[in-house]
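Okay, structure first, notes after.
Chain A is the first sequence line, chain B the second, and so forth, proteins listed ahead of strands; every chain is numbered from 1.
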Amino acid sequence: MPIDFAALRKKQMAENAARLKKLDLDHPIVPPRPKPTPKVASKPSRKRKDSNTSGELEARPAKMAKNASTVTEIDASVASEEGPRRSRRTSGRASLNYNESNLTRMSPRLTKTMRPQLASKKLSGQGGSGLMLNKRVHDPKTFGAIPGIEVGTWWGSRQECSIDAVHAPWVAGISGSRTKGANSVVLSGGGEYHDDLDMGHTFTYTGAGGRDLKGTANKPKNLRTAAQSSDQSFENACNAALLKSVKTQLPVRVVRGYKLESRYAPETGYRYDGLYLVKEAWMATGMNPHGYKVCKFSFQRIDGQPDLPEREDYESEEERSVTPEIEETSD
DNA sequence: GGGCCCGCAGGG
DNA sequence: CCCTGCGGGCCC
């Protein structure tokens with residue numbers, strides 16, 4: 001008797017939504033932000049470095065963190081035969097335009113047409129700003145903002161983001177250490193994370209591990225990602241780092257990627273969305289065919305940062321399924 | 001579209 | 001040194 005995978009997903013998403021809602025309730029009252037123009041939707045005709053008039057947000061531990069750092073075990077002994085259904089993705093890489101796009105800063109180091117090998121070479125004799133250099137000038141293990149990187153900064157690839165020290169790993173979604181906590185995460189979607197919710201100022205995130213990075217016949221271990229094949233745990237270094245962040249309440253840099261299914265996802269590339277706190281950590285059943293456990297985390301954005309760009313045209317499948325009323329999503 | 005291969009940055 | 005990890009390019 002195969003478990004209804006859609007039902008499981010719905011259940012998990014309801015759980016995630018409840019977690020995020022709790023964050024909202026715990027959230028201290030903040031003065032409403034003046035919102036003159038809700039724009040930033042379809043036609044990013046120019047650069048988008050507005051609204052950041054005052055200086056960068058300092059890397060400061062939030063002072064309103066009084067939540068108990070709970071790791072709740074959620075028993076879910078469900079298994080399923082079906083895999084998570086892939087929903088159609090509207091984003092794609094269609095309108096990739098490097099000549100004029102919604103960049104806050106255009107980096108000439110990498111373009112989509114350049115090969116990673118070339119990209120890894122240093123551009124000789126480019127001294128100066130550092131932003132033009134193909135090497136890192138800031139420490140990615142910093143907690144909080146990276147100097148010179150504004151909220152909203154956009155990159156075409158994870159490599160560029162790494163060079164700017166916002167998120168060091170090229171592939172991994174979590175960067176940090178188990179002793180000090182997480183420095184940064186990337187929200188990049190993916191089938192295994194298909195129950196995660198993104199409300200913009202809050203979101204849920206699935207941990208790392210539990211994958212068998214086998215590879216192919218000739219080349220074992222040549223894969224960088226793979227389907228879930230075992231339970232995740234907080235022993236995993238990445239997950240441990242996020243768990244540590246729940247305790248430390250140090251800010252975590254958040255980058256959203258184009259593959260994320262969210263109205264807050266960039267249409268292409270990767271965008272720095274500012275600093276968040278990891279508020280909770282718990283275990284849940286993952287959106288994998290066998291119901292392996294995953295580590296889950298809830299994030300909450302620190303106040304006082306520029307508003308997130310929104311894709312108004314985005315139809316959130318997630319939002320619909322967790323909204324009890326509408327429910328006419330017959331397929 | 002999927003399969004395969006690749007370089008890389010971290011951490012143990 | 002080894003292994004992991006929500007990339008990305010290329011080929012089919």
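Atom CG in A:L242 sits about 11 Å away from atom P in C:dC6, given to the nearest Å. In this entry the distance linking CD1 of A:I163 with C1' of C:dG7 reads 14 Å, nearest Å. Distance CZ (A:F203) to P (C:dC6): 14 Å, rounded to an integer number of Å. Following rounding to the nearest Å, A:H138 (NE2) and B:dA9 (C1') show an atom-to-atom distance of 18 Å. Atom CG of A:D164 is separated from atom P of B:dC8 by 18 Å (rounded to the nearest Å).
Across C:dG8, B:dG11, B:dG12, the shortest atom-to-atom separation from the side chain of A:R158 is found for C:dG8. Comparing atom distances between the A:S177 side chain and each of B:dG11, C:dC6, B:dC8 picks out B:dG11 as nearest. Of the candidates C:dG7, B:dA9, C:dG8, B:dA9 carries the atom nearest the A:W170 side chain, counting heavy atoms from C-beta on. If you check B:dG10, C:dC6, C:dG7 against the side chain of A:A208, the one that comes closest is C:dC6. Proximity note for A:S162 (side chain, C-beta onward) versus B:dG12, C:dG5, B:dA9: the nearest is B:dA9. The A:A168 side chain lies nearest to B:dA9 when the options are B:dA9, C:dC6, C:dG7. Of the listed nucleotides (C:dC6, B:dA9, C:dG8), C:dC6 has the atom at the smallest distance from the side chain of A:S188. Each of B:dG10, C:dC6, B:dG12 was ranked by its minimum atom distance to the side chain of A:A237; first place goes to B:dG12.
Backbone-only engagement by A:G209 is indicated by non-hydrogen atom pairs under 4.0 Å involving sugar-phosphate atoms exclusively. Using a 4.0 Å heavy-atom distance criterion, A:G210 is classed as making no nucleic acid contact.
Mapping A:V171 and A:N183 onto DNA chain B by nearest heavy atom places A:V171 at the nucleotide closer to the 5' end.
In this structure, A:Y270 reaches the C:dG8 phosphate: one of its side-chain N or O atoms is under 4.0 Å from OP1 or OP2.
A salt bridge links A:D196 with A:K296; the closest basic N to acidic carboxylate O contact falls under 4.0 Å. Classification of A:E312 and A:R263 as a salt-bridged pair fails, no side-chain N sitting under 4.0 Å from a carboxylate O. The pair A:R301-A:D303 fails the salt-bridge criterion, with no side-chain N (NZ, NE, NH1 or NH2) lying under 4.0 Å from an Asp/Glu carboxylate O. One finds a salt bridge joining A:R256 and A:D198 here, because a Lys/Arg side-chain nitrogen approaches an Asp/Glu carboxylate oxygen to under 4.0 Å.
Across all strands shown, C:dC6 has no partner, as no Watson-Crick or G-U wobble contact with both distances under 3.5 Å is found.
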